[in-house]
2 protein chains.
Amino acid sequence: MADIARMAGVSVSTVSRCLNGSPLVNAETRRRVEELAKSLNYTINLGAKSFRLQENRTVAVVVPYDRDSRQHISDPFFLTIVGAIADVLTARGFDMLLSRVDADHLDQAMRGVEMGKACGLLLIGQWRHHDQLNELAARHMPVVVWGAELPQQLYCTVGGDNHAGGLLATRHLIEAGRRRIAFLGDARLPEVLHRRQGYWQALRDAGLAPDPALELPVSFAPAAARAPIEAFFAAHREVDAVMACSDLLALEAVRALRAAGRSVPAEVSVTGYDDMALAAYGTPALTTVHQPVAEAAEALVDALMQMLAGERVAPLTLPVHLVVRDSSLRATG
Amino acid sequence: MADIARMAGVSVSTVSRCLNGSPLVNAETRRRVEELAKSLNYTINLGAKSFRLQENRTVAVVVPYDRDSRQHISDPFFLTIVGAIADVLTARGFDMLLSRVDADHLDQAMRGVEMGKACGLLLIGQWRHHDQLNELAARHMPVVVWGAELPQQLYCTVGGDNHAGGLLATRHLIEAGRRRIAFLGDARLPEVLHRRQGYWQALRDAGLAPDPALELPVSFAPAAARAPIEAFFAAHREVDAVMACSDLLALEAVRALRAAGRSVPAEVSVTGYDDMALAAYGTPALTTVHQPVAEAAEALVDALMQMLAGERVAPLTLPVHLVVRDSSLRATG
DNA sequence: ATGAAAGCGCTAACAA
DNA sequence: TTGTTAGCGCTTTCAT
């Protein structure tokens, strides 16, 4: 910038004003400076600028990974929502700093924000970190979490209506004439917990008693989930339906059921969750609970922006709906 | 930092030295400073630090989106490789700045690097920007592109062996007894171009003449591709196999073929490309060309690091292999 | 082992 | 309309 100033025969302030579109500069001066900048292939140093301005238009997006399963979260849902968030952020002129952190060291995620790399944090998946998150909120860290709304929650969440999702899926299975409905998902995660409550309620509404033996707490990581799922369906031949907490898990269930010699959907109905591309193209095409990914991304960013503007933001629960496809078709006759 | 210095009764220089692990500080002083920092919940301001040091450990990753199809690239392959890159970068202590830019304004992508937000650029998809990319390379911008190696290429690419992929898939279809093999993909993209050359070669090797009428140049965006694919298979009932350039396109082809009353794989064999989760769980499970995503991410980052270290980096082509599943099974008998 | 001081590239009073 | 100046938070000579 100093070079340009010298070459244009003006001061750096003037150059700064030009490059920032200040209305206080002479048209002729501006032209000269802009030309010079272009020809020197100069662009303003944003690091210095945001340092000086103490301003920051970068949002950190953190996707925790599961150390238990010793492998990264490849669930298409997480990747998809990250893509959607990237679009929303881009549209609003924000940068997105993406990182993955060990789900057991979530505090690491905050460093970026504390250290001034980002102005706020979007956490994709609340995992089992309710307390840590509450602490953050208490420290007024601008953070919005994709997840479930919990009692005594100080932080802001945006999430799908998990209770409704579980209810919808299970009720649908019951209406298809099923009675022994297995539940696949780790209820230590709040979202899964709520889905299970919906599942329970649908059962009770139909006069059925939830059976703990039919609940299999598996991780979202398909590699880790495969063996337990196979063992489960080999052992539980009385199962006539499955409510899985992700499309991938549902597909794994189908696979295991078929390996155990059971036919889907004729003998066993299966529902997935999320409604990713996989579900539509799966074998069979999955009946699944649709989560509104694009709206979710928009809502997450909105919430963070409000928070940054100093407003207090209430948790938001987005509606979900059931998409009926082949995997839950009632056997005809 | 000034606060800490005052409270510890030392100078800011000393505090700086402590926090950066300099060996020149008294153990007792260090202890006091570190304690203070912890209790004040202080972390160093990275913006200021990297500004001062003129250093930057952020890599920009850009996923172009296609404006033609008026919609964002949701192809699972792109999202998956982004996730893998995030992991690699995290492991090496780099941050990842993710953005999406209009494929027709790729120059925008560079701004971030030029402006000092990032120290280098990873571009996922070279699209039709060979010339632009060459220009960048000439300007010594540290950029590595996921894509195909082209003649007279000045920039560094890392990519799968597209020629081999096209050859492998097509040869497999021919061995399954197919003769009228359609090709789905937009050959304006270099990667697709190479796959088509492989496809042509396999045909010629078998004494078959490539038929331009069987090539359908569709976008990777499934929404944009659906209608042309349906029209194509409704019109070309002589087709007995399909080599698609992504798993999603392959599944769309299956869908269209079935809608046109043709059975897959009994009557028509189909191969996909990429080997995403979708392929394994699809209807039917897809025979597809496996792309080594994790290795690719590693290689992309490696290449960029070497480049940053001032080395000249040669383009790299990663081996691919065919995964045979149900969609190409030869009709028995 | 520690402190004083300069300066990274930029912006915003304030003065002219 | 433009220039002068101070300073954002940090690191790093150079003294001490």
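Throughout, protein chains are lettered first and strands after them, A, B, ... in sequence-line order, and every chain is numbered starting at 1.
Using a 4.0 Å cut-off, no side-chain N or O of B:Tyr42 falls inside it from OP1 or OP2 of D:dG9. Regarding contacts with the backbone of D:dT11, a side-chain N or O of B:Asn20 is found under 4.0 angstrom from either OP1 or OP2. Side-chain nitrogen and oxygen atoms of B:Gln54 include none within less than 4.0 Å of the OP1 or OP2 phosphate oxygen of D:dT11.
We find that B:Arg32 and B:Glu35 are not joined by a salt bridge, their nearest charged nitrogen and carboxylate oxygen being 4.0 Å or further apart. The existence of a salt bridge linking A:Lys117 and B:Asp95 is confirmed by a sub-4.0 Å separation between a basic side-chain nitrogen and an acidic carboxylate oxygen. Using a 4.0 Å cut-off between a side-chain N of Lys or Arg and a carboxylate O of Asp or Glu, A:Glu34 and A:Lys38 do not qualify as a salt bridge. One finds a salt bridge joining A:Arg92 and A:Glu298 here, because a Lys/Arg side-chain nitrogen approaches an Asp/Glu carboxylate oxygen to under 4.0 Å.
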Between N or O atoms, less than 3.5 Å apart, protein on one side and nucleotides 2-5 of chain D on the other: list the pairs.
residue, atom, partner, partner atom, Å
D:dT2, OP1, A:Thr29, OG1, 2.5
D:dT2, OP2, A:Asn26, N, 2.8
D:dG3, OP2, A:Ser11, N, 2.8
D:dG3, OP2, A:Ser11, OG, 3.0
D:dG3, OP2, A:Thr14, OG1, 2.6
D:dG3, N7, A:Arg17, NH2, 2.7
D:dG3, O6, A:Arg17, NH1, 3.4
D:dG3, O6, A:Arg17, NH2, 3.4
D:dT4, O4, A:Ser13, OG, 3.1

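The distance from atom CZ of B:Arg52 to atom C1' of D:dC8 is 14 Å, rounded to the nearest whole Å. B:Arg6 places its CZ atom 14 Å from the P atom of C:dG3, with the value rounded to the nearest Å. Remark: P of C:dG7 and CG of B:Leu53 are 17 Å apart, rounded to the nearest angstrom. Atom NZ in B:Lys49 sits roughly 19 Å away from atom P in C:dC8 (whole-Å rounding). The distance between atom CD1 of B:Ile4 and atom C1' of D:dC10, rounded to the nearest whole Å, is 13 Å. We find that CG of B:Leu19 is positioned 12 Å from C1' of D:dG9, with the value rounded to whole Å. As rounded to whole Å, 12 Å separates atom P of D:dC8 from atom CG of B:Asn45. Distance, A:Glu55 CD to C:dT11 P: 10 Å, rounded to whole Å.
Scanning both residues, B:Leu318 and B:Pro292, for their nearest heavy atoms gives CB-CG, 4.0 Å.
The aromatic rings of A:Phe78 and A:Phe220 sit perpendicular, their planes meeting at an angle over 60°, well past the 30° parallel limit. A perpendicular orientation is assigned to the rings of A:His130 and A:Tyr155, their planes being inclined by more than 60° (bins at 30° and 60°).
Using a 5.5 Å limit on the distance between ring centres and a 30° limit on the angle between planes, the aromatic ring of B:Phe51 counts as stacked on the six-membered base ring of C:dC8.
Atom CE of A:Met7 has 12 or fewer neighbouring heavy atoms from other residues, nucleotides or ligands inside a 6.0 Å radius.
A distance-only check finds no donor-acceptor pair linking the side chain of A:Ser16 to the backbone of A:Val12 [under 3.5 Å].
Taking five base pairs at each end of the helix from C:dA1-D:dT16 to C:dA16-D:dT1, the local helix axes there meet at an angle of 40°, rounded to 10°.
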